[in-house]
Amino acid sequence: MIIILSMVYISLEEGLEILTKRFGEKGRTGEVLLPDALGKIAGEDIVSAEDVPPFPRSPYDGYAFRSKDSEGASADNPKVLNIIEEVPAGSYPLRSVGENEAVKILTGAPIPYGADVVEKYEKTEFTDNLVKIFEPLKKGSNIVPKGEDISKGDHVFRKGDVFSPADIGVLASLGISSVLISSPLKIAIIPTGDELVEVTEPSGEGKIRNSSAYALTARLREIGTDPHICDIAGDDIKEISDAIRKEEESDVIITTGGVSAGDYDYIPEVMNSLGADILFHKVAMKPGSAYLAAAFNDKPILSHSGNPGAAYVSLEMLTKPFLYRYSGRNDWENKKIKALLKEGFPKKSPQRRFLPGRLSVEDGKAVIYTSQRQGNGMLSHLGKAFVYADIPAGTGRIDPYDAVSAYISI
Ligand code: AMP
Ligand code: MG
């Protein structure tokens, strides 16, 4: 079969726009209990129905009284106040504080009516009934106001925000025990290639282990999706199409292998046999130019190179931002920074090139450490990489410590 494909390389940014325009947001939501909300995406806006803290409280163990009664107090001339009550945390003051009166108060306890300051107990002298104050205090001193952290009516979360550990605490403080989230995308990863064997099988004699699908799956799990690896499909149009058809329940299908333009690169033909729309084929970047995006029954199929390094870089630079947008995440973009490329790069870059590396700081400057072993087929250099230097097409050799643009992909 002869397939006519426009082999125009599109840019990474165009690819992402095409995907996002075509698929928009998945929009499936579900409810999870609070502890399970960590790292999940808010499925709706959350507005606070309460003030946190719900009452003005003391940040210290000490004495609460009227600021007026401390006027003129000094080391030589302390003010002496009568202690009328003790309020531990969890209790509520029963009496209001009048002239020359004080309430013994413990950290976190509500400020009694009438009092407008708290003095730390270390700064006082006291008996069971009397407390001496040695300094004048301004109204409001040492009082945590009601709603200091969150006010009633605050827009605490926007749909698409990702819940962090502190956010889980915020939800707890608001009495929210379950939240609506954008359901994690179910992703099928279909490895293709006649040369592939399972992890448990021996490699050699032309056979290699299916490492790409494992690396992608692990990363997809780490970024909050729900991936599963399918059986290896051979380099065969029917085998690959059948594997894709079987994944009706998956929201997204990712394939590895067979997406270049060689004799056994069947992915474009698979898309035609499925009747899927090919959205683009080939992206102007290295590694990762072998990439095909298609829509099959409104489901994204994202075909990556089989080369583990190339597949991984495509995932970070293109697939991940798309999946974030598809799941409705607000912070979908890889963040752009300027940094110095510690070792430089000896080769020319006729095509746009991404150099994975680690980010560090030297003399207060951001520095990218890249491995000397870099390549499409390699994975080991990607182990600690989360920064990708973005070398524009047409760049010559790069000297050590030259400044480059880079993306942080987390
Ligand atoms: P392909 O993308 O099919 O042209 O494969 C490119 C290179 O990646 C070849 O050397 C393949 O043997 C290798 N390869 C393909 N699939 C995988 C995989 N799942 N794991 C590791 N290497 C792979
Ligand atoms: Mg192949």
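Ligands are counted one by one from 1 in listed order, and the atoms in each one are counted from 1 as well.
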Show which atoms of ligand 1 fall inside a sub-4.0 Å distance from at least one heavy-atom site of [X].
| X | answer |
| --- | --- |
| Arg209 | 20 (N), 21 (C) |
| Leu196 | 16 (N), 17 (C), 18 (C), 19 (N), 23 (C) |
| Gly258 | 1 (P), 2 (O), 3 (O) |

Salt-bridge contact [X]-[Y] (side-chain N to carboxylate O under 4.0 Å):
| X | Y | result |
| --- | --- | --- |
| Glu25 | Lys159 | yes |
| Asp116 | Arg66 | no |
| Arg329 | Asp161 | no |
| Glu316 | Arg219 | yes |

Less than 4.0 Å is my threshold; does some heavy atom of [X] fall inside it relative to ligand 1?
| X | answer |
| --- | --- |
| His304 | no |
| Ser211 | yes |
| Val259 | no |

- Item | Pairs satisfying ring pair (Phe, Tyr, Trp, His ring centres under 6.0 Å), at least one member in residues 160-184, at least two apart |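 Listed by first then second residue: Phe157-Phe163.
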Suppose we measure from [atom] to each protein heavy atom; which comes out shortest, and what is that distance?
| atom | value |
| --- | --- |
| atom 12 (O) of ligand 1 | Glu195 OE2, 2.6 Å |
| atom 18 (C) of ligand 1 | Ser212 OG, 3.3 Å |
| atom 19 (N) of ligand 1 | Asn210 OD1, 2.9 Å |
| atom 4 (O) of ligand 1 | Asp265 OD1, 3.9 Å |
| atom 13 (C) of ligand 1 | Ile208 CD1, 3.8 Å |
| atom 10 (O) of ligand 1 | Asn307 OD1, 4.2 Å |

Just checking, is any N or O donor in the side chain of [X] or [Y] under 3.5 Å from an acceptor N or O on the other one?
| X | Y | result |
| --- | --- | --- |
| Asp61 | Thr107 | yes |
| Glu362 | Tyr369 | yes |
| Ser349 | Thr395 | no |

- Message: Minimum distance, heavy atoms only, to atom 14 (N) of ligand 1: which one of Ala311, Gly306, Ala213, Gly309 is it?
- Response: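 Looking at heavy atoms only, the winner is Gly306.
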- Message: Centre-to-centre under 6.0 Å for Phe126 and Tyr63, is that the case here?
- Response: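 Phe126 vs Tyr63: aromatic centres under 6.0 Å.
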- Message: Can you tell me how far apart CD1 (Ile208) and CG (Leu196) are? Round to the nearest 0.5 Å.
- Response: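 Answer for the CD1-CG pair, Ile208 versus Leu196, is 5.5 Å.
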- Task: For ligand 1, indicate whether the residue Asn376 contacts it via side chain, backbone, both or neither (heavy-atom separation under 4.0 Å).
- Result: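 None of Asn376 does.
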- Task: Would you check whether Pro308 has a nitrogen or oxygen atom less than 3.5 angstrom from a nitrogen or oxygen atom of ligand 1?
- Result: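 Looking only at distances, the answer is no, because the N/O contact criterion of under 3.5 Å is not met.
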